[in-house]
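Remarks on the structure that follows.
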Amino acid sequence: MKIIANGISMNYELIGSGRCLTLIHGAGDNLNAWFNQVPAFSQRYRVLTYDVRGHGQTEMTEEELTTELWVDDLYALLKGLNVSETLLLGHSMGGAIALQFTLAHPEMVKALILSNSAMATRRSEEEMREMQAHRQAQIEAIKKEGMESEYRDRLTRMFSPGFVKKNPEAVEQYRLILLQNKPEGYLRVMQRMGRPGTSPDLGKISCPTLVIGGEYDPFSGPAAAKDTQKAIHGAQLKVFPTGHAPAIEVPREYNETILTFLAGVTE
């Protein structure tokens with residue numbers, strides 16, 4: 001479905017009934033990345049998924065992409081759908097959006113889940129240089145080969161050892177989701193991710209929070225997830241034996257963990 005919000009056409013889906021649960025996908029994904037979650041979550045909640053600007057079918061403008069702009073997009077989308085409060089789950093980049101949204105509009109967020117989104121870890125200058133070099137190589141590859149090159153690059157980062165060979169159908173489904181994104185939009189997203197930003201004040205988060213990490217996640221491993229949990233008062237922690245995408249690797253356990261958390265803090 002489409003709605004005009006914050007001056008652009010935004011693509012979204014709203015399924016189920018009850019309290020609103022908003023899911024924000026990661027960079028390079030789109031609302032279809034939640035294919036394992038929406039059927040389960042919509043049995044208890046009114047589940048909102050949407051394409052973050054720069055992804056999927058949401059309109060892309062020449063406006064510079066920033067986390068603040070993505071937060072404004074989400075605010076306008078919720079207001080356009082007459083949603084005054086929501087439970088909020090963000091994965092990876094979506095976690096950064098969810099966190100900043102919670103800080104900007106704390107009255108609207110009743111519970112927060114940061115999935116594989118390390119927000120408290122400070123990387124060394126060497127790590128930052130390596131990440132920047134890798135990102136630049138990705139950009140050049142996408143310019144030449146499109147999103148297929150991004151898919152190949154992710155195979156070694158998104159999943160735990162052995163998962164790709166054992167689960168070809170799930171991996172192929174993920175590939176098809178990536179290919180739904182336009183390379184030019186994702187390149188804009190990558191350029192945004194390459195710019196330094198201000199560190200959020202995690203100590204200001206007051207709503208119930210769950211932090212999720214992956215044992216083999218190069219971005220939000222056990223230590224990084226623990227750092228984020230410690231920085232948020234009263235936050236809970238769950239680390240799955242997965243890479244960066246537990247929602248795909250262990251969907252049943254992932255869904256049960258989230259539903260149990262939400263039931264414990266909202267019912």
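Keep in mind that what you see is a predicted model, and the values were worked out from it rather than measured.
More than 12 heavy-atom neighbours from other residues, nucleotides or ligands sit within 6.0 angstrom of CZ on R154. Residue H233 places its NE2 atom among 12 or fewer non-hydrogen atoms of other residues, nucleotides or ligands, all under 6.0 Å distant. More than 12 heavy atoms of other shown residues, nucleotides or ligands fall within 6.0 angstrom of atom NZ in K2.
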Run the side-chain donor-acceptor check on residues 160-169: report pairs under 3.5 Å with partners two or more places apart or on a different chain.
| unit_1 | atom_1 | unit_2 | atom_2 | d |
| --- | --- | --- | --- | --- |
| S160 | OG | E249 | OE1 | 2.7 |
| N167 | ND2 | F163 | O | 3.1 |

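Salt bridge status for R46 with E13: absent, with no side-chain N to carboxylate O gap under 4.0 Å.
Distance CD1/I24 to CD1/I97: 5.5 Å, rounded to 0.5 Å. Summarising the geometry, atom OH belonging to Y50 is positioned 10.0 Å from atom CG belonging to L23; distances are rounded to the nearest 0.5 Å. We find the CG-CG distance between L112 and L88 to be 6.0 Å, quoted to the nearest 0.5 Å.
Partners of D73 under the salt bridge (Lys or Arg N to Asp or Glu O under 4.0 Å) rule, at least two apart in sequence or in another chain, are R53. Evaluation of the side chain to side chain contact (heavy atoms under 4.5 Å, CB included) rule for H105 yields V71, Y75, F101, E107, M108 as partners, not counting sequence neighbours. A search for ring pair (Phe, Tyr, Trp, His ring centres under 6.0 Å) contacts involving H25 returns H55, not counting sequence neighbours.
Between L87 and Y45 the shortest side-chain heavy-atom distance falls below 4.5 Å. When side chains are defined from C-beta on, T58 does not count as touching S9, because their heavy atoms never get closer than 4.5 Å. The shortest side-chain heavy-atom distance between Q132 and R129 does not fall under the 4.5 Å cut-off.
Alongside L31, the hydrophobic cluster contains no other residue (criterion: ILVMFWY side chains under 4.5 Å). In the hydrophobic clustering, where aliphatic and aromatic side chains (Ile, Leu, Val, Met, Phe, Trp, Tyr) are joined below 4.5 Å either directly or transitively, Y216 stands alone.
K238 forms a cation-pi arrangement with F240, by the criterion of a distance under 6.0 Å to the ring centre and an angle within 45° of the ring axis.
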